[in-house]
Amino acid sequence: IVTKKKIDNDTLEDLEEVLIASDLGTEPTNEIISKLKERIKKEGFIEIDDLYETLSEVVCDYVGEERDFFNKDTFPAKPFVIMIIGINGVGKTTTIGKMAHRFRAAGSSVLIAAADTFRAAAIEQLEIWAERAGVDIVKHKSGSDPAAVVFDAMNAARSRNMDVVIIDTAGRLHTKTNLIEELKKINRICKRAIPEAPHETLLVIDAITGQNGLSQAKVFKETMDASGIIIAKLDGTAKGGIALSIKRQLDLPIVLIGTGEGLDDLREFVPKDYAMGFVP
Amino acid sequence: SLSERLNDIFKRLRGQGKLTEANIKDALREVRLALLEADVNFKVAKDFINEVQEKAIGEEVLKSLSPGQQVIKIVFDELVKILGQHTSLLEIKNKPEIIMLCGLQGSGKTTLAAKLAHFFRRRKPLIAACDVYRPAAIEQLKVLGKQIQIDVYSIDNCKDPILISKEALQAAEEEDYGVLIIDTAGRLHIDEEMMNELENLKAIIKPTEILFVIDSMIGQDAVNVASEFNNRLEFSGIVLTKLDGDARGGAALSVSRITGKPIKFVSIGEKPKDLEIFHPDRMAQRILG
Ligand SMILES: Nc1nc2c(ncn2[C@@H]2O[C@H](COP(=O)(O)OP(=O)(O)OP(=O)(O)O)[C@@H](O)[C@H]2O)c(=O)[nH]1
Ligand SMILES: Nc1nc2c(ncn2[C@@H]2O[C@H](COP(=O)(O)OP(=O)(O)OP(=O)(O)O)[C@@H](O)[C@H]2O)c(=O)[nH]1
Ligand SMILES: [Mg+2]
Ligand SMILES: [Mg+2]
């Protein structure tokens, strides 16, 4: 006989701790716990499994739907220009390698723009990923103007009839105004070549990021019109809870998740999987 | 800010007559919320507030003209005490001093290796390039080394970090380098194989300092990561990076509490000169916002 665990007075308190421990933040956690209380009252369920199922539904409501990101039929234009931004060390360059591989596997031609001309060996690192993914790369010398690399890449993509262009940028803290200005300039030059580009500006966030992730997303959304979030390093023990706050407050959808350091370690965001990460 | 919020709370409470212990506890809830917003681990925050409560429900606060200020002072002093209680500088006492860097992916280790080399530039530092996994990791160190005119020991096409460290140590001893800085690949605390590699590296090279490098913007998971690295390696110090951002850095409190190890340096930028000695009072101020 298997007796199902019942909800008791400690259940919601314990759950609250689990949500806080997942970097959901106090406000979203309080909101979620009160929604659960309402649902318990309304639906009258008493078993913990039902509570967890409801939690998963509530979280899914917050984070929205999944996207068919690598499907050519969903591309907004040709070339589909994607700019990758974010603070230092979150996983931008590695993610680009994985994305290029996925696009190519799905039948698209991909060009990578090495617009991190600042960090030591950034171009070499990206070249290795381009080679692993079997795609071309546009690069200039280290220390050159990143906007010029992007301009070059836009023109090359059009003349070579490429399906996708992915732009790597140098990591930068959102608090560095001069670096944000540099990024804005890259954006302007990009538009000079292709007015509608970039069609997606994806902000990479480390899954382990705390409440500072919200501050990062606010700035990158305001200054760069970020259109979505990539959560990298979700293969650790962190749950990426800050992404829920980012969606809730800034309406930035989670598009992709990074789950390791290999070429295949990239998945499209699936709300149910993400939500299950918070279930004890 | 926290002090404004506390002052408002106490103004309101004062209006209701003389302050009680229960009033103080309410005010401390506000402090606990501020700590959570600053990414202090929730268990660490709870324990911390319980300890502060003992001190805060005394007569001086209850009878004070500015109880809000009193509470903040008690919280601040307690934070400084925890953050700074194991303060110790990294001293060069061995020949060579062997500093091994470890931490999660992207935390800032490779850049830190260059910063430490620059910090100890008068001691003839040598950096050992032992990240054999990340694309162009060794190239990154070579470029950084050239920029600051520091020697980097590497072996092309070698996939054995232990062999590279051994040879680097031998070179350091033979050629009279004062400091050997070992850069390692970023790794997850739950990656059994990679954590074993670090344990083996420690056993064979016997570093005189093991620095755990952690990004200041990390959230609640800080305690899981830090305790696992500490259990496996018994590191001797912590370096907090990217403090030039606006992360409140509550992870500093969590990691200090959980491991009892000193924070030795903070990194405040991408350049070799962007390294500072850790100041517990500045960190406490930052965490409290
Ligand atoms: N475990 C894990 N590691 C990752 C993941 N994505 C990236 N990394 C690692 O994180 C580290 C930093 O990755 P990069 O791609 O260089 O990050 P970046 O944002 O381009 O860094 P900067 O250009 O210096 O700002 C590398 O060691 C990667 O292998 C992931 O999904 N999981
Ligand atoms: N703004 C800022 N950036 C930093 C700081 N420390 C490191 N960085 C940047 O963070 C990124 C990652 O630094 P790395 O030194 O490559 O990190 P790592 O720990 O060696 O990364 P892996 O080897 O992949 O684990 C780079 O872009 C660095 O320039 C810092 O204190 N402030
Ligand atoms: Mg990069
Ligand atoms: Mg490194």
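These numbers come from a predicted model, not from an experiment. To find a chain, count down the sequence lines: A is the first, B the second, and so on, and within it residues start at 1.
For the atom pair A:I20 CD1 and B:K43 NZ, the distance stands at 12.5 Å (nearest 0.5 Å). In this structure, OG1 in A:T26 is found 13.5 Å from CZ in B:F42, a value given to the nearest 0.5 Å. Taken from CD1 in B:I218 to CG in A:D23, the straight-line distance is 9.0 Å, to the nearest 0.5 Å. A:E27 CD to B:L36 CG: the interatomic distance, rounded to the nearest 0.5 Å, is 13.0 Å. With rounding to the nearest 0.5 Å, the separation of CD1 in A:I87 from CE in B:M217 is 4.0 Å.
In plain terms, the two heavy atoms of B:D221 and A:A238 that are nearest each other are OD2-N, 3.2 Å. In terms of heavy atoms, B:V143 sits closest to A:A120 at CG1-CB, 3.7 Å.
No more than 12 heavy atoms of other residues, nucleotides or ligands lie within 6.0 Å of CZ in A:R104, so this atom counts as exposed by the packing criterion. Shown here is B:E51, whose CD atom has more than 12 heavy atoms of other residues, nucleotides or ligands within 6.0 Å. Within 6.0 Å of CG in A:D225 there are 12 or fewer heavy atoms belonging to other residues, nucleotides or ligands. In the displayed structure, A:K247 atom NZ is contacted under 6.0 Å by more than 12 heavy atoms of other residues, nucleotides or ligands. The neighbour count for A:R267 CZ, taken as heavy atoms of other residues, nucleotides or ligands under 6.0 Å away, does not exceed 12. Residue B:E199 places its CD atom among more than 12 non-hydrogen atoms of other residues, nucleotides or ligands, all under 6.0 Å distant.
There is no contact between B:K271 and chain A, counting heavy-atom distances below 4.5 Å. Using a 4.5 Å cut-off between heavy atoms, B:V223 makes no contact with chain A at all. Heavy atoms of B:L141 lying under 4.5 Å from chain A are absent altogether. Both the backbone and the side chain of A:T209 come within contact range of chain B, with heavy atoms under 4.5 Å apart. Proximity to chain B is limited to the side chain of A:K176, based on heavy atoms less than 4.5 angstrom apart. Using a 4.5 Å cut-off between heavy atoms, A:D206 contacts chain B through its side chain alone, with no backbone atom that close. Looking at A:S215, only its side chain comes within 4.5 Å of chain B, counting heavy atoms on both sides. Looking at A:L214, there are no atoms closer than 4.5 Å to chain B (heavy atoms on both sides), in backbone or side chain. For B:I138, no part lies under 4.5 angstrom from a heavy atom of chain A.
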TODO: Kindly determine whether A:N88 and B:T241 satisfy side-chain contact (heavy atoms from CB on, under 4.5 Å), including the steps that lead there.
DONE: CA-CA 11 Å; A:N88 309 70; B:T241 63; over 6 Å; no
- [ ] Show the numbers, then the answer: is there a side-chain contact (heavy atoms from CB on, under 4.5 Å) between A:K239 and B:Q220?
- [x] CA-CA 10 Å; A:K239 309 290 192 240; B:Q220 297 287 313; over 6 Å; no
Open item on the list: Would A:T175 and B:D244 count as a side-chain contact (heavy atoms from CB on, under 4.5 Å) here? Give the steps.
Closed with: CA-CA 8 Å; A:T175 47; B:D244 45 323; over 6 Å; no
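Most heavy-atom pairs under 4.5 Å with chain B: of the set A:K233, A:E124, A:E17, this distinction falls to A:E17. Here B:H189 is the residue among B:K142, B:H189, B:E37, B:Q147 with the most heavy-atom pairs under 4.5 Å with chain A. No other option in A:A207, A:A122, A:A121 has as many heavy-atom pairs under 4.5 Å with chain B as A:A121.
You'll find the side chain of A:R119 stays beyond 4.5 Å of the side chain of B:T111, heavy atoms only. A heavy-atom distance below 4.5 Å is not found between the side chains of B:P135 and A:E127.
Between the side chains of B:Q105 and A:E261, a donor-acceptor pair is found at a separation under 3.5 Å. Side-chain contact, B:D246 with A:N212: a donor N or O sits under 3.5 Å from an acceptor N or O.
Considering B:E139, B:Q140, B:R134 in turn, B:R134 is the only one that fulfils the side-chain contact (heavy atoms from CB on, under 4.5 Å) rule with A:Q125.
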